[in-house]
Number of protein chains: 2
Amino acid sequence: MKKLDILKKLRSSGLRPTKQRVEIAKFLFEREKTFHFTVESLDKLLSKKTTSKFALATIYNTVHAFKAAGHLSEVEVRGNKTYFDTNVSNHHHFYDSETSELIDIDANEVVIQKIPKAPNGKKIKNVEVFINLKN
Amino acid sequence: MKKLDILKKLRSSGLRPTKQRVEIAKFLFEREKTFHFTVESLDKLLSKKTTSKFALATIYNTVHAFKAAGHLSEVEVRGNKTYFDTNVSNHHHFYDSETSELIDIDANEVVIQKIPKAPNGKKIKNVEVFINLKN
DNA sequence: ATCCAGTTTATAATTATTCTAAAGTGAAAA
DNA sequence: TTTTCACTTTAGAATAATTATAAACTGGAT
């Protein structure tokens, strides 16, 4: 994803392209493969890869703004870790608790034959499948 | 579940049946339906329902001891809430983020036709399905 | 160039959980 | 039945993750 596209992406979702947002967006979205991270890991990676520095609160703000805009999805797994995922399409996850690693599974790799209907007055928003791994 | 069974349950899993453990176990397991709770909600309920008082750390200790012994399962859902579930059989969950409510789904209500194989060197421990609800 | 709502920043506050060290207690053994 | 001691409980401190605050800053409209 090119810089121009980054600016477009931000503006089109009502996010003013500040210096910080552009730099974080470039870091997150200028890559081939999807990327999983926690706020903590992103903070460390950013301070290594860039010369600018970011307040931790800015990283929280930015990540949540990107999530609200649909540019990131949030995945919560056992162990109180909250991951964000640059893959916002409908998909599932392997979770390896040994390594705390999260691995994407394409939606079409999982076929669910039967699910119960939603309780009265509720609708199904989405279905998330976690495949927990062991050694 | 009767008091004698509670004592048996504790002893058979190597947990000394202290006053606190017995009282918490009675509260959790002497009921017909499965019960979902957070440590915080359990703490509040216990101080309402019983005359004894429990240090918060004791509730954490006890709940984790029960979990390690297989008497409770842990379910983590969006929103940084950690629920415990008196249903330790293999099953799935509806999650209603409007009300923060977790609802059990029997394992046989969900049929998965296809899942990917585990990454190299790993095995599948279990598969958890979350059906997220909306209004 | 000016202005201002939106943003960033450093820090404080909050929340959930775990740690610590001292006091208490089941239950095994004397 | 008393003694003993490893296991528990307890209150409070410590830690970790996240959110709130309020002052300073800034993109971009005018």
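Naming convention: chains lettered A, B, ... in sequence-line order (proteins, then strands); numbering from 1 in each chain.
Residues satisfying the salt bridge (charged side-chain N to carboxylate O under 4.0 Å, His left out) criterion with A:Lys44, sequence neighbours excluded, are A:Glu40. Applying the salt bridge (charged side-chain N to carboxylate O under 4.0 Å, His left out) criterion to B:Asp96, with sequence neighbours excluded, gives A:Lys122. Among residues two or more places apart in sequence or in another chain, the side-chain hydrogen bond (donor to acceptor under 3.5 Å, both in side chains) test is passed with B:Asn90 by none. Every residue meeting the ring-ring contact (aromatic ring centres under 6.0 Å, His included) condition with B:His36, not counting sequence neighbours, appears here in chain and number order: B:His93. With sequence neighbours left out, the ring-ring contact (aromatic ring centres under 6.0 Å, His included) criterion links A:Phe37 to A:Phe35, A:Phe84.
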Report, one line per pair, each donor and acceptor closer than 3.5 Å where one atom sits in a side chain of residues 14-22 of chain B; sequence neighbours left out.
unit_1	atom_1	unit_2	atom_2	d
B:Thr18	OG1	B:Arg21	N	3.2
B:Arg21	NH1	B:Arg16	O	3.0

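Distance CG (A:Asn61) to P (D:dC25): 18 Å, rounded to an integer number of Å. For the pair B:Arg21 CZ and C:dA27 C1', the computed distance is 14 Å after rounding to whole Å. Taking atom NZ of B:Lys67 as the reference point, atom C1' of C:dT17 lies 13 Å away to the nearest angstrom. Atom pair B:Leu56:CG and C:dT15:P shows a separation of 14 Å (rounding to whole Å applied). Atom CD of B:Glu23 is separated from atom P of C:dG26 by 13 Å (rounded to the nearest Å).
Remark: B:His64 is not in phosphate contact with C:dT17, judged by side-chain N or O atoms under 4.0 Å from OP1 or OP2. The side chain of B:Gln20 places no N or O atom within less than 4.0 Å of a non-bridging phosphate oxygen (OP1 or OP2) of C:dG24.
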Set out, in order, the CA-CA distance, both residues' side-chain angles and the distance that settles ring pair (Phe, Tyr, Trp, His ring centres under 6.0 Å) for B:Phe27 and B:Phe54, then state yes or no.
CA-CA 13 Å; B:Phe27 183 78; B:Phe54 302 87; 9.4 Å; no
Please write out each protein N/O paired with an N/O of nucleotides 27-30 of chain D under 3.5 Å, distance rounded to 0.1 Å.
unit_1	atom_1	unit_2	atom_2	d
D:dG28	OP1	A:Arg11	NH1	2.5

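Rounded to 10 degrees, the angle separating the terminal axes of the helix from C:dA1-D:dT30 to C:dA30-D:dT1 is 20°, with each axis obtained from five end pairs.
A salt bridge (charged side-chain N to carboxylate O under 4.0 Å, His left out) check over residues 47-60 of chain A, counting only residues at least two apart or in different chains, returns nothing. Applying the salt bridge (charged side-chain N to carboxylate O under 4.0 Å, His left out) definition to pairs two or more places apart or across chains, none involves residues 108-121 of chain A.
Between A:Tyr60 and B:Leu15, the residue anchored nearer the 5' end of DNA chain D, judged by the nucleotide with its closest heavy atom, is B:Leu15.
For B:Glu40, taking side-chain heavy atoms from C-beta onward, the closest of the listed nucleotides C:dT17, C:dT8, C:dA16 is C:dA16.
Cluster partners of B:Leu133, by chain and number: A:Phe94, A:Ile103, A:Ile105, A:Val110, A:Ile112, A:Ile115, A:Ile124, A:Val127, A:Val129, A:Ile131, A:Leu133, B:Phe94, B:Ile103, B:Ile105, B:Val110, B:Ile112, B:Ile115, B:Ile124, B:Val127, B:Val129, B:Ile131. The rule joins Ile, Leu, Val, Met, Phe, Trp and Tyr whenever side-chain heavy atoms lie under 4.5 Å apart.
Contacts between residues 41-55 of chain A and DNA chain D, counted as heavy-atom distances below 4.0 Å, involve no residue at all.
At distances below 3.5 Å, at least one donor-acceptor pair connects side-chain atoms of A:Ser73 with backbone N or O atoms of A:Asn87.
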